[in-house]
There are 2 protein chains.
Amino acid sequence: MLDPRKLHLLRELARRGTIAAVAEAVTFTPSAVSQQLSALEREAGVPLLERTGRTVTLTPAGHLLVEHAQAVLEELERASAALAVARGGPSGPLRIGAFPTAARVLLPPALAGLTGAHPALAPMVSEIDPADVSAALRAGELDVALVHEYDFVPPVTDASIETEPLFTEPMYLTSRPTVAEARADAWITGKPGTLCHTMAIRACQAAGFEPLVRHHIDDFDTVLAFAAAGQGVALVPHLAASDPPGGVRLTRLPLSRRTLAAFRRGNGEHPAIVAAVAAFRTAVSRLPL
Amino acid sequence: MLDPRKLHLLRELARRGTIAAVAEAVTFTPSAVSQQLSALEREAGVPLLERTGRTVTLTPAGHLLVEHAQAVLEELERASAALAVARGGPSGPLRIGAFPTAARVLLPPALAGLTGAHPALAPMVSEIDPADVSAALRAGELDVALVHEYDFVPPVTDASIETEPLFTEPMYLTSRPTVAEARADAWITGKPGTLCHTMAIRACQAAGFEPLVRHHIDDFDTVLAFAAAGQGVALVPHLAASDPPGGVRLTRLPLSRRTLAAFRRGNGEHPAIVAAVAAFRTAVSRLPL
DNA sequence: TTCGAGCTTAAGATGAACTTATGCTCGATC
DNA sequence: GATCGAGCATAAGTTCATCTTAAGCTCGAA
């Protein structure tokens with residue numbers, strides 16, 4: 001019988017590309033991952049990995065098996081969710097990931113509602129950029145996460161991750177009426193690698209120029225403080241723009257940001273996930289949108 | 001992560017009813033099965049088995065998990081079948097089960113065709129009564145089996161077994177023109193527990209009487225020899241009735257028997273299964289029906 | 001050429017899973 | 001109503017898979 005643990009490693013290899021990265025994701029040594037994949041290959045009776053020097057690539061058979069691995073792991077996830085239902089209501093630890101603004105604005109009321117309704121539930125929050133969420137979910141480091149998508153930035157499609165939209169908010173530009181007019185300005189964006197950084201670059205490119213990025217700051221309150229001090233222009237979402245510091249003009253742009261809840265496919269019926277998404281929704285409904 | 005090996009044991013327990021029977025089916029000791037199921041229960045965090053004295057019963061949660069176990073094991077079966085395809089064509093051992101008449105009439109030409117077309121395939125045949133087939137398939141003792149169904153005998157429905165119909169043949173009665181007229185005769189049926197035995201009993205009950213069973217014989221050639229010797233009446237299928245011994249009158253009845261190929265659900269795309277069913281079909285097409 | 005990143009293999013340690021042995025519960029039998 | 005056997009659980013020990021550590025190999029970059 002094929003071992004789902006090995007199938008999981010194979011799937012991670014397909015996503016991350018190197019054995020070392022897989023090992024880091026599952027907190028094994030590369031040696032262990034290598035051995036497990038070799039064993040899987042032996043059981044499969046057909047080469048799954050192609051070793052060329054110090055790199056590995058999946059063979060067509062390897063890719064095929066990844067598809068099936070996906071289906072197997074999804075069914076196992078469903079089975080676990082069904083057991084959680086049988087255990088009776090949400091309980092135990094629930095690891096929540098959230099981008100910083102959500103952690104500040106959305107999570108406090110959501111968590112209050114969540115633990116109020118389900119005292120046995122122990123939510124644990126980690127700040128995490130949306131770009132890293134799907135890997136963290138797959139690795140089992142998170143159970144549910146708040147992520148966002150921007151226009152211009154294609155949403156990450158991952159067969160093993162499912163999302164539920166929560167709300168949409170408009171984006172604002174500081175100091176200038178349009179992005180095009182900020183062509184010569186210094187820009188304040190998120191740190192490289194974050195979605196916010198990508199979003200700002202793409203928005204400027206869409207307006208026909210490459211932005212001059214001077215500051216990399218993730219926290220929108222700090223961003224606004226910098227803008228108020230004349231240190232540059234920035235794009236901020238509605239939620240972060242409700243109470244701008246003095247001297248900061250905000251112009252609403254025809255650009256929006258969608259916030260979603262993400263979780264492992266097959267885990268959507270898990271009572272803790274259901275409860276968390278419900279709590280997110282009621283918190284959203286009380287947001288100043 | 002839930003262990004599919006343990007899920008398999010739970011599914012077998014649901015089918016067979018006792019831990020001892022499961023242990024026998026998988027050639028473990030009852031102790032091992034008991035320990036594995038206890039471990040599964042611990043991981044599930046909810047009681048799956050109810051122990052009352054020396055018997056175990058599945059709880060509702062246990063039954064629920066069996067449903068999911070079924071789905072998981074089916075996906076694993078699919079993955080294995082996909083790997084067999086990737087290995088390139090049918091090869092290796094293929095364990096075939098067949099009821100005696102099929103083993104004699106159908107399998108010799110079918111196996112000749114099969115090994116002719118796929119020399120790397122090593123078919124291994126075991127005679128087995130259709131009543132025992134699904135258990136043997138689930139336990140992995142067989143990969144594919146020839147079974148039959150009778151009118152009057154409801155087909156065994158097993159969520160983990162899939163069937164493909166091969167052909168239908170009429171049934172014949174020895175010595176008498178109708179079943180009702182054999183009310184007072186001595187009957188020759190299959191051994192108790194076999195489908196043929198059940199079928200004969202039910203056919204007589206449908207005609208309004210309980211048969212007087214004197215002989216229990218599975219082999220239809222022997223049955224016909226007994227009938228020729230005046231030892232009783234019997235129901236025989238068309239395939240076994242092509243060359244009746246002298247003195248045996250055969251009357252065709254409005255009663256039929258269906259022969260099917262059975263295999264584990266999810267395994268239907270396995271190249272060896274595909275090849276075997278194809279070989280069965282060509283052998284059937286050359287049968288005197 | 002050297003360094004480092006990445007993969008593999010060998011060898012040892014750890015833990016899961018099996019067997020054997022034993023005890024318990026309960027229904028059937030004498 | 002004692003005994004027997006079927007059925008399950010627990011304890012203890014063994015075996016085997018799986019992990020880590022350690023070392024070696026390959027290849028691209030400095």
Side-chain angles (χ1 to χ4, degrees), chain A residues 1-59 61-62 66 69 73 76 135 139-141, chain B residues 1-59 61-62 65-66 69 72-73 76 135 139-141:
Chain A
M1 177 145 50
L2 289 169
D3 180 354
R5 288 162 28 91
K6 299 194 181 85
L7 293 177
H8 178 226
L9 294 179
L10 186 70
R11 186 183 68 171
E12 288 308 295
L13 182 64
R15 305 244 175 242
R16 301 178 191 265
T18 72
I19 289 185
V22 174
E24 207 231 321
V26 298
T27 55
F28 282 176
T29 58
S31 173
V33 176
S34 173
Q35 290 177 48
Q36 292 296 83
L37 289 176
S38 298
L40 179 62
E41 225 172 345
R42 198 178 332 118
E43 292 162 27
V46 56
L48 302 172
L49 278 60
E50 195 162 1
R51 279 94 167 166
T52 57
R54 59 177 185 178
T55 68
V56 293
T57 335
L58 285 186
T59 63
V66 167
L73 294 170
L76 280 172
E141 295 159 8
Chain B
M1 177 146 48
L2 290 170
D3 181 355
R5 288 162 28 92
K6 299 194 181 84
L7 293 177
H8 178 227
L9 293 178
L10 185 71
R11 186 184 67 172
E12 288 307 294
L13 182 64
R15 305 248 174 236
R16 302 180 191 265
T18 73
I19 289 184
V22 174
E24 207 230 321
V26 299
T27 54
F28 283 175
T29 58
S31 173
V33 176
S34 173
Q35 289 177 48
Q36 291 297 85
L37 289 176
S38 298
L40 179 61
E41 223 171 347
R42 198 176 334 116
E43 293 162 24
V46 56
L48 303 172
L49 278 61
E50 196 161 0
R51 279 95 167 165
T52 58
R54 61 175 186 179
T55 66
V56 294
T57 335
L58 285 185
T59 63
L65 187 53
V66 167
V72 169
L73 296 170
L76 280 172
E141 296 159 8

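Note on naming: letters A, B, ... go to the chains in the order of the sequence lines (proteins, then strands), and numbering restarts at 1 for each one.
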Study note, to complete from the structure: Axis-to-axis angle for the helix from C:dT1-D:dA30 to C:dC30-D:dG1, ends of five pairs each, to 10°, equals 10°
Exercise for review: Go through the structure and list residues passing side-chain hydrogen bond (donor to acceptor under 3.5 Å, both in side chains) with B:T27, not counting sequence neighbours.
Suggested key: none
Point to revise | Listed partners of B:R5 passing side chain to side chain contact (heavy atoms under 4.5 Å, CB included), at least two apart | key: A:M1, B:D3, B:Q36
Point to revise | A:T59: side-chain hydrogen bond (donor to acceptor under 3.5 Å, both in side chains) partners, not counting sequence neighbours | key: none
**Study point:** A:S31: side-chain hydrogen bond (donor to acceptor under 3.5 Å, both in side chains) partners, not counting sequence neighbours
**Key:** A:Q35
Review point. With A:A39, which residues qualify under side chain to side chain contact (heavy atoms under 4.5 Å, CB included), at least two apart?
Key: A:K6, A:R42, A:E43
Point to revise | B:A14 to B:L58 - nearest heavy-atom pair and separation | key: CB-CD1, 3.5 Å
Point to revise | Interface limits on DNA chain C, where chain B has a heavy atom under 4.0 Å of a nucleotide atom | key: C:dA17 to C:dG27
**Study point:** A:L13 and A:L49, any side-chain heavy atoms less than 4.5 Å apart
**Key:** yes
Exercise for review: Return each pair, listed once, that meets salt bridge (charged side-chain N to carboxylate O under 4.0 Å, His left out) where at least one residue sits in residues 9-34 of chain B; pairs must be two or more places apart or across chains.
Suggested key: B:E12-B:R16, B:E12-B:R138, B:R15-B:D158
Study note, to complete from the structure: In numerical order, the residues of residues 11-22 of chain A whose heavy atoms come under 4.0 Å of DNA chain C are A:T18, A:I19, A:A20
Review point. Got a sec, which residues hit side-chain hydrogen bond (donor to acceptor under 3.5 Å, both in side chains) with B:T57, two or more places apart in sequence or on another chain?
Key: none
**Study point:** A:A139 to A:A25 - nearest heavy-atom pair and separation
**Key:** CB-O, 3.8 Å
Check your understanding: Side chains of A:L37 and A:L10: does their closest heavy-atom pair fall under 4.5 Å?
Key -> yes
Study note, to complete from the structure: 5' to 3', nucleotides 12-26 of chain D under a 4.0 Å protein heavy-atom cut-off (B base, S sugar-phosphate only, - none) gives ------SBBB----B
Practice item. Output all residues satisfying side chain to side chain contact (heavy atoms under 4.5 Å, CB included) with A:S38, sequence neighbours left out; order by chain, then residue number. Key: A:S34, A:R51
